[in-house]
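This report refers to the structure that appears directly beneath it.
What you see below is based on every heavy atom in this structure, not just the backbone, and it leaves out hydrogens, waters and symmetry mates.
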Amino acid sequence: MNVIEVKDMNRSFENGKEIAHVLKDINLTIEEGEFVSIMGPSGSGKSTLLYLLGGLDMPTSGTVKVNNTDLRQLKDKELCKMRNEDIGFVFQFYNLVPNLNVEDNISLPCMISGKSRSSYKDKLDECLKIIGMEDKRKLTPRELSGGQQQRVAIARALVFDPKIIFLDEPIGNLDSKTGMRIMELFREINQKYNKTIVQVTHSEKAAKFGTKLIKLVDGQIESIEPILN
């Protein structure tokens, strides 16, 4: 089943009298359970594509469907709900709240949605177990290493049990050894929990953890090919 469908999508930005065509005629499908890596030179439109797939931006023309829903047809409130509950995001910068401990940072999407703590306690415990940080739940971000902070950001993305997780250079701030451990965790989440993962990366090593590689050049898809591991 396709969880993401993109058809004839374009994204351009106006800068005074000039128009920059960042993405041109993008067509792609992503199936449930795939781990897709998007690569390309700087300025090729990788992050823009990721934000469009995740509903953080809207196309100038064409359609993006997530779980068979055209994102442009959603009202702002519906779009916010989808971004909070149906999909997860992990960014290069961990975006943790400094004065909240680990379990409260993970629980933040649930708090924002007004859910009672008892309703997500079991899911919180499960997420802490997935990232291997049950014993660090009361620590604050300043007491954690970079790899541990990224694990907390991963758990926060998982707390609503989303079908799709978007990664924007998720190991860009980590040393290579820690980065590979994080990628192994993503692969486990993809395979064990059947989460669809879409990542933007500059790292060929990180890209190889995926099942499919999309190469972008000058805002266009140059190739889509399976990754053989």
What's the spacing between Asp161 CG and Leu158 CG if we round to 0.5 Å? 8.0 Å
Just by distance, do the side chain of Glu143 and the backbone of Thr140 share a donor-acceptor pair under 3.5 Å? yes
Pairs where residues 94-113 contributes a residue and the test salt bridge (charged side-chain N to carboxylate O under 4.0 Å, His left out) is met, not counting sequence neighbours: Glu103-Arg117, Glu103-Arg137, Glu103-Lys138, Asp104-Arg117
Same cluster or not: Ile154 versus Ile197, using hydrophobic residues (I, L, V, M, F, W, Y) connected whenever any side-chain heavy atoms lie under 4.5 Å apart? yes
Would you please say whether a donor-acceptor pair under 3.5 Å links the side chains of Glu34 and Thr196? no
What do the steps show when you test Lys163 against Asp86 for salt bridge (Lys or Arg N to Asp or Glu O under 4.0 Å), and what is the final call? CA-CA 6 Å; Lys163 291 183 177 180; Asp86 299 334; over 6 Å; no
From Phe209 CZ over to Glu188 CD, what is the distance, rounded to the nearest 0.5 angstrom? 12.0 Å
Taking atom CD as the centre, does Glu18 end up with more than 12 heavy-atom neighbours from other residues, nucleotides or ligands that are less than 6.0 angstrom away? no
If hydrophobic clusters are built from ILVMFWY residues whose side chains come within less than 4.5 Å, do Phe166 and Val90 share one? no
Single-linkage hydrophobic cluster Val36~Leu167, side-chain heavy atoms < 4.5 angstrom: no
Close side-chain approach of Gln148 to Leu139, heavy-atom, < 4.5 Å: no
Is it the case that the side chain of Asp57 and the backbone of Thr48 share a donor-acceptor pair, with hydrogens and angles ignored and the cut-off at 3.5 Å? no
Take a 6.0 Å sphere around NZ of Lys212 and say whether it holds more than 12 heavy atoms from other residues, nucleotides or ligands. yes
Please answer whether the main-chain N or O of Gly147 pairs with a side-chain N or O of Thr178 as donor and acceptor at a distance below 3.5 Å. no
Side chain to side chain contact (heavy atoms under 4.5 Å, CB included) partner of Phe89, the single match among Leu50, Leu56, Asn84, Ile164: Leu56
Rounded distance (nearest 0.5 Å) linking atom CD of Glu204 with atom OG of Ser37: 11.0 Å
Residue among His202, Gln92, Lys46 satisfying side chain to side chain donor-acceptor pair (under 3.5 Å) with Glu169: His202
May I ask you to decide if Glu5's main-chain N or O and Asn2's side chain share a donor-acceptor pair within less than 3.5 Å? no
Flag for Tyr51-Asp168: side-chain donor and acceptor within less than 3.5 Å: yes
Using a 6.0 Å cut-off, check whether atom NZ of Lys24 has over 12 heavy atoms from anything other than its own residue. yes
Min side-chain heavy-atom separation Val217-Ser44 under 4.5 Å: no
If you define the side chain from C-beta out and look only at heavy atoms, does anything of Arg156 sit under 4.5 Å from Asn95? yes
When rounded to the nearest 0.5 angstrom, what is the spacing between CE in Met111 and CG in Asn105? 8.5 Å
From Leu53, Thr29, Asn68, residue fulfilling side chain to side chain contact (heavy atoms under 4.5 Å, CB included) relative to Ile4: Leu53
Which pair of non-hydrogen atoms, one from Leu216 and one from Pro41, has the smallest distance, and what is that distance? O-CD, 3.3 Å
Take atom CG in Asp135; do more than 12 heavy atoms of anything else shown fall under 6.0 Å from it? yes
With a 3.5 Å distance limit and no angle check, can you tell me whether Asn27 reaches the backbone of Asp8 through a side-chain donor-acceptor pair? yes
Asn194 CG: over 12 foreign heavy atoms closer than 6.0 Å: yes
So Leu108 and Leu100, side chain to side chain contact (heavy atoms under 4.5 Å, CB included) or not? Walk me through it. CA-CA 9 Å; Leu108 201 55; Leu100 294 183; 4.0 Å; yes
With a 4.5 Å cut-off on side-chain heavy atoms, are Met82 and Ile87 touching? yes
What distance do Arg187 atom CZ and Met180 atom CE have between them, rounded to the nearest 0.5 Å? 10.0 Å
How long is the gap from CG on Leu96 to CG on Leu144, to the nearest 0.5 Å? 8.0 Å
Out of curiosity, does Leu28 fall in the hydrophobic cluster containing Met39 (side-chain heavy atoms, cut-off under 4.5 Å, transitive links)? no
Tell me whether Ser113 contacts the main-chain N or O of Cys110 through its side chain, where contact means a donor paired with an acceptor under 3.5 Å. no
Asn10 versus Ser61, side-chain donor and acceptor atoms under 3.5 Å: yes
Is the backbone of Thr69 close enough, under 3.5 Å, to the side chain of Asn67 for a donor and an acceptor to pair up by distance? no
Any sub-3.5 Å donor-acceptor pair from Gln150's side-chain atoms to Phe91's backbone N or O? yes
Does Thr63 reach the side chain of Arg72, with side-chain heavy atoms less than 4.5 Å apart? no
Leu49 backbone acceptor or donor facing Arg11 side chain under 3.5 Å: no
Applying salt bridge (Lys or Arg N to Asp or Glu O under 4.0 Å), run through Arg181 and Glu184 and close with a yes or a no. CA-CA 5 Å; Arg181 286 177 182 161; Glu184 287 167 4; over 6 Å; no
Just checking, any donor-acceptor pair under 3.5 angstrom between side chains of Thr201 and Ser203? no
Any side-chain heavy atom of Val102 sitting closer than 4.5 Å to one from Leu128? yes
Is there a donor-acceptor contact under 3.5 Å from the side chain of Glu78 to the main chain of Lys75? yes
Should Ile19 and Leu52 be counted in the same cluster of Ile, Leu, Val, Met, Phe, Trp and Tyr side chains packed under 4.5 Å apart? no
Does Leu174 form a side chain to side chain contact (heavy atoms under 4.5 Å, CB included) with Ile182? I'd like the steps, not just the answer. CA-CA 9 Å; Leu174 304 174; Ile182 293 295; 3.7 Å; yes
Would you call Ile189 and Ile130 a side-chain contact if the rule is heavy atoms closer than 4.5 Å? yes
Could you check if a side-chain atom of Ile131 sits within less than 4.5 angstrom of a side-chain atom of Leu185, using non-hydrogen atoms only? yes
Considering only NZ, NE, NH1 and NH2 on the basic side and carboxylate oxygens on the acidic side, decide whether Lys129 and Asp125 come within less than 4.0 Å. no
